[in-house]
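Each remark here refers to the structure printed beneath this line.
Chain A is the first sequence line, chain B the second, and so forth, proteins listed ahead of strands; every chain is numbered from 1. On a predicted model such as this, the values are computed, not experimentally measured, just so you know.
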There are 2 protein chains.
Amino acid sequence: MSEKDLDTAGKIKEAASQLFIEKGFGRTTTRDIATEAGVNLALVNYYFRSKDELFSTIMTETVQGFIWQLRVLLNDDKTFEEKVELVVSNYIDLLKTRPDLPIFMLSEIRNHPEEMAAKLGIDKLMHEIKFFQELAQRCPEGVHPIHLFMNLLSMTVFPFIGKPVISAATGMNDEAFMMMMEQRRTLIPQWFMSMLKPQE
Amino acid sequence: MSEKDLDTAGKIKEAASQLFIEKGFGRTTTRDIATEAGVNLALVNYYFRSKDELFSTIMTETVQGFIWQLRVLLNDDKTFEEKVELVVSNYIDLLKTRPDLPIFMLSEIRNHPEEMAAKLGIDKLMHEIKFFQELAQRCPEGVHPIHLFMNLLSMTVFPFIGKPVISAATGMNDEAFMMMMEQRRTLIPQWFMSMLKPQE
DNA sequence: GTCTATAAGATGATAGAC
DNA sequence: GTCTATCATCTTATAGAC
């Protein structure tokens, strides 16, 4: 099956994913989804029992994709600093393509808390991945590693989340914003490494 | 008029604000609002012409409140570092009370871009406030001040936005999260100051 | 200003023909 | 698997009595 020639269920998922990200769950109707997917309205309920179940399916796959990606990036044979650069670079690339993704995930997770939970396996991520052990060893005295990992994610992801406000506040256009994110691709790892304990 | 004894329009605004933040615009109905406010359904449309206009009113007041607060915090007679500490501390306090506020604002701004715009006056904020001039002078060569201000906001606000995911990933409960944010109250200004050009 | 009643339309979901 | 037609419900909004 070619990438552009999805089956009906695939078309529905793709259309729904796009619309949920764009307009949120509450403002996306099953009719929107059917039209966007180019399929009959009844088929949405035929393949996915309800709008809620369709959302749940998409959400689970999206979050699992994130985690899988992080797992792959952080487990290969690279230096600590290379891994940092990879995480930053990887998420900037992802969010350049789908800037609405974080807001979609974060705002809708709140409305469907059931969809989250341990089945996604994030709870074990921190213990399994060597990166976090390396990070813990490099943390200054009294600073929990979670602080530094949160800083890394914050500095990378937040600009995309706050883009509407930032653009309004600075008069920055889309092109300037993207250039700024390109600068951050190298700046963030530098700031991050400087927060760590100096290596002997 | 006492604080708890609002007039009808006030009750509606307060109930609507709470519900919009809690459930988002799309999932909040005018019936919800009327019930929560303890007023008749028809009065929502009597005082605010439509659900959209009610939202617009609340949104404008909320964002204006933010900006007003920032303006006051940053213009007083304090050292640069004190201002940094104040911004961080102030937003942590605010978000401890209303953790859903950023997601509400950011996700709904996207759905109602008209409500934003220059009328809020954020576009001039950066030029008016002395803090940003001080920041510009302390920026290392080749680093635009917007990068550093974004880092400050990111490290402060993002943890609240990502809390559901962070909690799921680390098994952190609410109490532990709040303790972590208390640590960040002093850590963030330190990290931030270390990103600046050394002062002679 | 506040209520009741209801209009006018949209929405999620399904039954049943093909 | 896919379609048409339709149901039951909920939604925003308003007209009109008090």
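- Nearest approach of B/Met193 to B/Val84, heavy atoms of both residues: SD-CG2, 4.3 Å.
- Going from atom CD1 of B/Ile12 over to atom P of D/dA13 covers 13 Å, rounded to whole Å.
- Spacing between atom NZ of B/Lys23 and atom C1' of D/dT11 amounts to 13 Å, rounded to whole angstrom units.
- Comparing the helix axis at one end of the helix from C/dG1-D/dC18 to C/dC18-D/dG1 with that at the other, each defined from 5 consecutive pairs, gives an inter-axis angle of 0° (nearest 10°).
- From A/Leu74, atom CG reaches atom CG of A/Leu86 across 8.5 Å, with rounding to the nearest 0.5 Å.
- Straight-line distance from the CG atom of A/Asn45 to the P atom of D/dT6: 19 Å, rounded to whole Å.
- The residue A/Tyr47 sits close only to the backbone: its heavy atoms come under 4.0 Å of sugar-phosphate atoms, none of a base.
- Of the residues near DNA chain D, B/Arg49 and A/Leu41, the one whose nearest nucleotide (by heavy atom distance) lies more toward the 5' end is A/Leu41.
- Atom CG of A/Leu43 is separated from atom P of D/dT4 by 10 Å (rounded to the nearest Å).
- For the side chain to side chain contact (heavy atoms under 4.5 Å, CB included) test with B/Asn90, the passing option among B/Val72, B/Leu73, B/Leu70 is B/Leu73; the others fail.
- Comparing A/Asn40 and B/Lys51 along DNA chain D, the residue whose closest nucleotide (by nearest heavy atom) sits nearer the 5' end is A/Asn40.
- A 6.0 Å sphere centred on NZ of B/Lys197 holds more than 12 heavy atoms belonging to other residues, nucleotides or ligands.
- Protein chain B touches strand DNA chain C; the 5'-most and 3'-most nucleotides with an atom under 4.0 angstrom of its non-hydrogen atoms are C/dG1 to C/dT4.
- Each of A/Leu152, A/Leu94, A/Leu95 was scored for a side chain to side chain contact (heavy atoms under 4.5 Å, CB included) with A/Val157, with one residue passing: A/Leu95.
- Of the possible donor and acceptor atoms, one in the side chain of A/Glu82 sits under 3.5 Å from a partner among the backbone N and O of A/Thr79.
- Taking the ring axis of B/Phe25 as reference, the NZ or CZ atom of B/Lys51 stays within 45° of it and closer than 6.0 Å to the ring centre.
- With salt bridges taken as basic N to acidic carboxylate O contacts below 4.0 Å, none links A/Lys11 and A/Glu14.
- Here the side chain of A/Ser56 pairs no donor or acceptor atom with the backbone of A/Asp52 at under 3.5 angstrom.
- Nearest-nucleotide mapping onto DNA chain C: of A/Thr29 and A/Tyr46, the residue sitting toward the 5' end is A/Thr29.
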